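Given the structure is predicted, the values throughout are model-derived calculations rather than measurements.
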Amino acid sequence: MTEPMFRDDAYLTRTTARVVAVTEMGIVLDRTIFYAQGGGQPGDVGRLLRQDGTAIPVANAVYGEDRSAIAHVPAPDAPGVGDDLVGEDVVAEIDWDVRHKRMRVHTALHLLSVVLPYPVTGGAIGDGDGRLDFDLPEAGLDKDEIADTLNGLIARDAPVSERWISDAELDANPSLVKTMSVKPPRGAGRVRLVAIGDIDLQPCGGTHVKRTSEIGRVLVTDVQKKGKQNRRVRIALADDAG
């Protein structure tokens, strides 16, 4: 198993870890700060530093079949990785600039689901931008109005916190789940809730900033019709929109 350190502290950028396996999927560590791809959020990029100083660039991090292990996918230009790596202590480093943008976007998307309180049918997080798809038959969404309301919530500087509830508690409160296409990560008997002040509360396994003000100003870049009852709303970090 891989200890997912990012769940307890999304601000960790570097840690030591031991290689426990090298598989077709990648390099498995006993613990990691690399977020594993899931829930619309890409896996982290970064590098693993070996004892001899060799750097192995990491292009992605993914879960194994039973989600108990996380594999670090070497980049195409990475040096050869073999079984001799197993048992070695390495230093894992993430690309913080990339991760932090994703954390800001992810938290902003939670707030977007408050601005537009409709069932969410899909979503994706990019490097400085993201989108949510809503089950919303009516057109006429106003980009500027959405952006103004969203930035108003961001400016409240609300704290972002996490806590855990049991699967049974979630089953007793189904209204917490906003996403129709992506179900909360389950199977371990408990589910992680992310609270944004008194603004929002929903299950999520991703990484988020500590306060909404850290997101910065966002733009609503597009509203698209995606099918009869689907509306896609795209946002971008204003300081990254160029």
Side-chain angles (χ1 to χ4, degrees), residues 3-13 32-44 61 63 67 70 94 96 98-134 146 149-216 218 233 235 237:
E3 177 190 349
M5 301 171 70
F6 53 82
R7 284 187 190 158
D8 295 323
D9 188 351
Y11 287 78
L12 293 173
T13 62
T32 190
I33 55 175
F34 280 72
Y35 178 80
Q37 178 179 320
Q41 182 172 334
D44 280 325
Y63 284 106
R67 296 184 66 85
I70 294 174
I94 61 170
W96 173 247
V98 172
R99 157 73 82 77
H100 192 232
K101 286 179 182 179
R102 293 172 180 174
M103 289 165 59
R104 293 165 62 197
V105 169
H106 198 151
T107 312
L109 290 177
H110 279 233
L111 294 177
L112 181 62
S113 73
V114 175
V115 176
L116 298 173
Y118 308 102
V120 176
T121 60
I125 298 162
D127 298 334
D129 58 11
R131 53 94 172 166
L132 286 181
D133 296 343
F134 296 92
I146 296 170
T149 306
L150 181 55
N151 282 305
L153 292 178
I154 291 169
R156 287 172 60 176
D157 191 29
V160 181
S161 60
E162 301 89 25
R163 69 175 187 266
W164 295 85
I165 62 171
S166 67
D167 286 350
E169 288 175 291
L170 181 63
D171 291 337
N173 294 276
S175 61
L176 289 172
V177 182
K178 298 184 179 184
T179 53
M180 298 169 65
S181 61
V182 179
K183 300 303 181 185
R186 305 178 63 153
R190 62 178 191 161
V191 177
R192 181 172 177 255
L193 291 182
V194 174
I196 303 179
D198 59 358
I199 302 170
D200 186 53
L201 178 67
Q202 60 179 288
C204 187
T207 58
H208 309 82
V209 295
K210 292 179 178 178
R211 304 192 70 87
T212 58
S213 59
E214 195 175 334
I215 298 169
V218 300
V233 180
I235 66 170
L237 302 175

### Trace of the side-chain contact (heavy atoms from CB on, under 4.5 Å) decision for Val160 with Val194
CA-CA 7 Å; Val160 181; Val194 174; 3.9 Å; yes
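- Distance check, rounded to the nearest 0.5 Å: CZ of Phe34 to CE of Met5 gives 12.0 Å.
- Under the side-chain hydrogen bond (donor to acceptor under 3.5 Å, both in side chains) criterion, Asp133 pairs with Arg131, Arg232, sequence neighbours left out.
- In terms of the side chain to side chain contact (heavy atoms under 4.5 Å, CB included) criterion, residue partners of Thr13 (sequence neighbours excluded) are, by chain and number, Ile94, Trp96.
- Residues Val105 and Leu237 meet the side-chain proximity criterion, which asks for heavy atoms closer than 4.5 Å.
- Atom OG1 of Thr149 and atom CD1 of Ile154 lie 11.0 Å apart (nearest 0.5 Å).
- When every heavy atom of Ala195 is checked against every heavy atom of Leu201, the shortest pair comes out as CB-CD1, 3.7 Å.
- Expressed to the nearest 0.5 Å, how far CD1 of Ile125 lies from CZ of Arg104 amounts to 13.5 Å.
- A heavy-atom distance below 4.5 Å is found between the side chains of Glu214 and His100.
- Residue pairs satisfying the salt bridge (Lys or Arg N to Asp or Glu O under 4.0 Å) criterion with at least one member in residues 204-213, sequence neighbours excluded, are listed as follows: Asp157-Arg211.
- Looking only at side-chain heavy atoms (C-beta outward), Arg102 and Thr207 stay at 4.5 Å or farther from each other.
- Here Thr32 contributes atom OG1 and Leu12 contributes atom CG; the two are 10.0 Å apart, rounded to the nearest 0.5 Å.
- Two residues are said to be in side-chain contact when any heavy atoms from C-beta on lie closer than 4.5 Å; Leu112 and Phe134 meet this criterion.
- Tyr63 meets the ring pair (Phe, Tyr, Trp, His ring centres under 6.0 Å) test with no other residue; sequence neighbours excluded.
- Among all heavy-atom pairs drawn from Ala61 and Ile70, the shortest one is CB-CG2, 4.2 Å.
- Taking all atoms of both residues into account, the shortest heavy-atom contact from Tyr11 to His208 is CE1-O, 4.1 Å.
- Contact detail for Gly216 and Asn151: the closest heavy-atom pair is O-OD1, 4.3 Å.
- We find the CG-CD1 distance between Asp44 and Ile33 to be 8.0 Å, quoted to the nearest 0.5 Å.
- With hydrogens and angles disregarded, a donor-acceptor distance shorter than 3.5 Å links the side chain of Arg192 to the backbone of Gly206.
- His110 has its side chain out of reach of Leu153: every pair of non-hydrogen atoms, C-beta onward, lies at least 4.5 Å apart.
- With sequence neighbours excluded, the residues forming a side chain to side chain contact (heavy atoms under 4.5 Å, CB included) with Ala158 are Ile196, Ile199, Thr212, listed by chain and number.
- Taking the side chain as every heavy atom from C-beta outward, Val115 and Leu111 never approach each other to under 4.5 Å.
- Scanning for salt bridge (charged side-chain N to carboxylate O under 4.0 Å, His left out) contacts around Asp198 gives Arg156, with sequence neighbours left out.
- Annotation for Asp200 and Gln202: closest pair OD2-NE2, 2.8 Å, computed over non-hydrogen atoms.
- When every heavy atom of Lys101 is checked against every heavy atom of Gly128, the shortest pair comes out as CB-N, 4.0 Å.
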